[in-house]
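Chain letters run A, B, ... following the sequence lines, proteins first, then strands; residues in each count from 1.
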Amino acid sequence: MAEWFDMGKHTWFVWGSYGVFAFFIVAELLLLERRRRTILQRLSRTSRMNSGVNDET
Amino acid sequence: MNINWFKYASPASFYPLAGKMIPWFAIPAGILAFIGLVMGLFVLPPDFKQGESYRIIFIHVPAAWMSMVIYLAMAFWAIVGMVWNSRLSAMMAIALAPTGAMFCFLALWTGALWGKPTWGTYWVWDARLTTQLILLFMYLGYMALHAAIEDPRRAARASGLLAIVGAFNVPIIYFSVQWWNTLHQGASITPNKSEMAASMASVMLIMAVAAWLYAIAVALKRVRCEILDRERHASWVAELVTKTGQVHG
Amino acid sequence: MLQVSGLFCERGDRQLLNGLGFTLEPGKLLHVRGANGAGKTSLLRIVAGLLLPTAGEVCWRGKPVKQQREEYHGELLYLGHLDGVKGDLSSIENLRIDNELLGANADEATLVAALEKIGLRGFEDIFAKQLSQGQHRRVGLCRLLMSQAKLWVLDEPFNALDVKAVKLLASLIEAHLERGGMTLLTTHQDVPLSGARVSEITLGQTGRR
Amino acid sequence: MTVIFRTILVRELTLGLRRKADMLMTLFFCVIVASMFPLAVGPETELLRTMGPGIIWVAALLASLLSLERLFGGDYADGTLEQMVISSHPLAMIVFAKVVAHWLLAGLPLVLISPLLALQYGLDGDEGLILVATLLIGTPILSLLGAVGAALTLGLRGGGVLISLLVLPLFVPVLIFGSAAVDDAAAGLSIEGHFSLLGAMLIAALILTPWAIASALRISIE
């Protein structure tokens, strides 16, 4: 396994760039998913509130 | 296939369509990226001159291409949004911006890490890296303007106009920086001559297509968030939320 | 003749003017009523071409305004909440600029006469920023005396005016309607005009979906 | 058409001259910024000679950026901008007149002061002349492009910084060719190319930006 990661003297550079690249891609996807979830929660809360209001009047 | 585009121009009908399209872009992007990574990192032999560090090119060049392509796509959607006054295309432009900025930053980051072993310094005032830096400022300007305006419609139209003016200036900036600095030994992938080995070029292309599909998938996903955010008062959103309880997909 | 149909407008995330439509005949005045935030100002700004509606159409002489922007603006006079008077210029200098912008090509004498009629005789060369708020607003109102625009769109024209000025403004509007002009205005005071030409519309509650 | 241009130009110039302080402020800003660098990088004349054009250009660029916010801000606040937008004259012409006036008040003084700064940096006769010439062609482009940024950020808080973030990337080509012309002249290379490119950029800006500024204004006053 070790020799896969061994890029000679450039190990840090290669894995440095690939690592950061992967980190940003994953971070973007996670942030996007979190944003979607918060929007949906807010929407379902407001729709419950509205339906609640309609029942009373 | 002549889908009547205007039918899908309304956010309500585009939302489910975008939902269905996302997997069609996301899955191939994942597969291609995996193939490209395996070939690029492990299968291809080290380069005689640069050793292993040349492998960084497989993500540096696609990221650089994508940052340019996405900015032009943003300008395209801004123009469409302005000409047909369609809010959906304005949302598409905004949905693309963060991914474009990310690719721009990554191109700079990987460019610097690739520059150290090959040119000896992290930052080199070379024509393409400098243009990349200026493009990053344009992305930041675009997103800053969009964030500074409360009213979503004005924000979309103002940043759209900025994207159009910016896109008009990108070639001018590129050629003026290119003229200003002849340090860089010319683009390694130029349409006519390609110094690179065919195998390297093919891996690069695979990664580029993977990045392109990834960008579309993320943009579609983000545009769905924009639609939900902007149309939260519309009746179809309320139905959508109540009908499916917890909306998924 | 002004014709407005199917207007929708979004302010922030509130839906205003749900599908509003009306026509305004020559010689008529339309008084737009409604609580604060009902979209009165938005409606007037849409008619004036300052604000783009999310949907709907404004037609002037049967043609949509979008296609004849300069001709339409040539026949329009809009007074908003802001007086449109430059503080660093004197009253007469302000009028010269407005005269040019409105395309009224009135000569110097008419400008001086306008200032006199609006009650600012002797204030011609004083910087607008040294005038009182009421006087400052009157310099803006001089546009009504100079312009031959057919359509007047006035947003709260009566506020910050003393009784004499209100009477004067009412007589100007009266004369304008007499000449076959049209007026669209909002005001919280009641309109001191003869009932014959005045019609009203009331905008719905704020932000009803 | 030209009558409205003249009226607005005269209006802007009278307004500008009544507030001389603003005009002089941008001028002093440029002089101060240009005088800071020798303190920072040391007084060797040779070093200053090579860096001179670039520093003076950046100082001029920042100074014209500084004065952009006032281009539409005042009129937006007192409602005269609205009257301009709905006047029967084309908005692009009115806006063009305003930008020309802005250049006369903010850009031209920078050009006139630059020989002084050139001496400060030891640029001899013809190099200083070339610098002034590039500024003469370059500063109108800065005003035109800057006006687009000013129109887009009308009425926004933090407008000053935001304008610079939006507009500086667009200034890069002008900065490159403007400052390079003097260096290449010093090195004896031909500089027709620089001036023709700067001229081309000026013409393109003159033709295209008024439309962009007008539509940006229409968006911003909503």
key: Top contributor to chain C interface from D:Thr14, D:Ile86, D:Thr80 [non-hydrogen pairs under 4.5 Å]   = D:Ile86
ask   = Under the criterion side-chain hydrogen bond (donor to acceptor under 3.5 Å, both in side chains), which of C:Gln3, C:Gln68, C:Glu75 is the partner of C:Trp60?
value = C:Glu75
ask   = Quick one: what part of D:Ile219 sits under 4.5 Å from any heavy atom of chain C, side chain, backbone, both or neither?
value = neither
ask   = So C:His176 and C:Trp152, would you call those rings parallel, tilted or perpendicular, with 30° and 60° as cut-offs?
value = parallel
task = Please name all residues satisfying side-chain hydrogen bond (donor to acceptor under 3.5 Å, both in side chains) with D:Ser179, sequence neighbours left out, ordered by chain then number.
result = none
inquiry  = Using the rule given for salt bridge (Lys or Arg N to Asp or Glu O under 4.0 Å), can you reason through C:Glu71 versus C:Lys63, listing the C-alpha separation, both sets of side-chain angles and the distance that settles it, and then say yes or no?
reply    = CA-CA 11 Å; C:Glu71 298 88 16; C:Lys63 235 170 74 178; 5.3 Å; no
ask   = Of the listed residues (C:Asp83, C:Leu52, C:Leu79), which shares the most heavy-atom pairs with chain D below a 4.5 Å separation?
value = C:Leu52
message = Using a strict threshold of under 4.0 Å (side-chain N to carboxylate O), is an ion pair present between D:Glu82 and C:Arg45?
response = yes
query = Tell me the side chain to side chain donor-acceptor pair (under 3.5 Å) pairs involving residues 87-106 of chain D, sequence neighbours left out?
reply = D:Glu12-D:Lys98, D:Ser67-D:His102, D:Asp75-D:Lys98, D:His102-D:Ser143, D:Trp103-D:Thr139
ask   = Counting only heavy atoms not in C:Lys129, do more than 12 sit closer than 6.0 Å to its NZ atom?
value = yes
task = Could you walk me through whether C:Leu168 and C:Lys164 pass side-chain contact (heavy atoms from CB on, under 4.5 Å), step by step?
result = CA-CA 6 Å; C:Leu168 173 67; C:Lys164 208 159 70 66; over 6 Å; no
Cut-off 3.5 Å, no hydrogens considered: what does the side-chain donor-acceptor table look like for residues 152-161 of chain D, sequence neighbours left out?
residue: D:Thr153; atom: OG1; partner: D:Gly149; partner atom: O; Å: 3.0
residue: D:Thr153; atom: OG1; partner: D:Ala150; partner atom: O; Å: 3.4

task = Return the option, out of D:Leu15, D:Ile221, D:Leu81, D:Val85, with the maximum number of heavy-atom pairs under 4.5 Å with chain C.
result = D:Leu15
request  = Side chain from CB out, backbone as N, CA, C, O: work out which of these in C:Ile46 comes under 4.5 Å of a heavy atom of chain D, or both, or neither.
outcome  = neither
query = Contact part of C:Asp88 toward chain D, heavy-atom cut-off under 4.5 Å: side chain, backbone, both or neither?
reply = both
key: Interface residues of residues 93-119 of chain C facing chain D - heavy atom cut-off under 4.5 Å   = C:Glu93, C:Ile97, C:Glu100, C:Leu101, C:Leu102, C:Gly103
